[in-house]
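Counting starts at 1 for both ligands and their atoms, in listed order. Note that the structure is predicted; figures quoted are calculated from it, not measured. Throughout, residue positions are numbered sequentially from 1 according to the sequence presented.
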Amino acid sequence: MRKNTKEIKIGSLWIGGHHKIAIQSMTNTKTSDTDATIVQIHALEKAGCDIVRVAVLDEADAYAIQSIVKAIHIPLVADIHFDYRLALISLASGVQKLRINPGNIGSIERIREVVEACKLHQVPIRIGVNLGSLDCEIREQYGRTAMALVKSAEKHVRILEELDFHDIVISMKASDVPMTIEAYEIASRTFSYPLHIGVTETGTFFSGSIKSAVGLGSLLYQGIGDTLRVSLTDDPVQEVLVAQEIMASLGYFSKPTLISCPTCGRTQYNMIPIAKEIETFLQTLPHVSFKVAVMGCVVNGPGEAKDADIGVAGGKEEALLFKKGIAIRKIPQDKIVAVLKEEINKMIEKVVSK
Ligand code: SF4
């Protein structure tokens, strides 16, 4: 059961409430290099990214937003630290969400100026607190704890609420997985605003995917999280694909998925490269619920993968094609990938045209 949170609009996209959990990523190009940034955002859109964030470090980045928003099809978020003028330029340039911590902008006049501009442009603000940048007062009182993250977020939230601003999204990130989970659990009991969830600084593809799956998976399973980002030291497109996989494994996202056995002494064909190639192929297909099995043997394969729409179970240098657990025909080893792709394409076309 999703936790019910306040509905917030980012450009044309609604988040919170019972709206779909949105997948976010962040570009790693220099934002003012508009060509490179747009190319990367198009790749993210193609992969299924719902919201994209860009770092705004200087005026050139903030002004570049004007051309970027015109060329892309998903809402754009400007990530700004400290400099309220960059927030104002980004808003005037058409950005659809700000990630800025009001308590770090400076005087109340500056905060008010940014908040009034957000109201004018109907742009929400994400407060993003990070364990690495807690203010001294909170760190002294709560240490480096989950509660410190929540209290820090609360401090920024109060500033916005006192200015009668309520289009707020909250994130609290730490690289420690249990602490991140605990912070979001407390936050979901404390705030009614949507939560952007993520584990930060998780590392490269391998460790980052695992840490994110554990952290985000635990939260999503409890119904916590309205938008999410998997942070990887890798191509941002990989972040989107990993996020989809995490969400699909909990039933929050429909996509073709692979079921494959771990192989054992009964496997008598070269199965592992086939499973890998089919998994990559599935990433290119439309986002519909569809299960493909690549199994090691005919003894247990079709039975173990009974809920697969289609699959193969290996024999001696050949495989048996099955649909919904029913045997169809045998395929020689060198034709397995081609036949399977062709059959999957046919079945997916039918699902899409329904
Ligand atoms: S499906 Fe067959 S080959 Fe694969 S793990 Fe099970 S018994 Fe072994």
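- Within the coordination shell of atom 8 (Fe) of ligand 1, defined by N, O or S atoms under 2.8 Å, C264 is present.
- Heavy-atom proximity to T267, at under 4.0 Å, picks out these atoms of ligand 1: 3 (S).
- Here R158 pairs with E154 in a salt bridge; the nearest charged N to carboxylate O distance falls below 4.0 Å.
- Listed by atom number, the atoms of ligand 1 under 4.0 Å from C261 heavy atoms are 1 (S), 4 (Fe), 5 (S).
- Residue contacts with ligand 1 for C297 involve both N, CA, C or O and side-chain atoms from C-beta outward (heavy atoms, distance under 4.0 Å).
- Looking at atom 7 (S) of ligand 1, its nearest protein heavy atom turns out to be N300 ND2, 3.2 Å.
- Between the side chains of E317 and Q268, not a single donor N or O lies within less than 3.5 Å of an accepting N or O.
- Ring geometry, F253 versus H287: the interplanar angle exceeds 60°, so the pair is classed perpendicular (tilted spans 30 to 60°).
- In this structure, K341 satisfies the cation-pi test against F281, with its NZ or CZ atom closer than 6.0 Å to the six-membered ring centre and inside 45 degrees of the ring normal.
- Contact of the I80 side chain with the R99 side chain is not registered, since no non-hydrogen atoms from C-beta on lie closer than 4.5 Å.
- Distance from atom 1 (S) of ligand 1 to its nearest protein heavy atom, with residue and atom name: E304 OE1, 3.4 Å.
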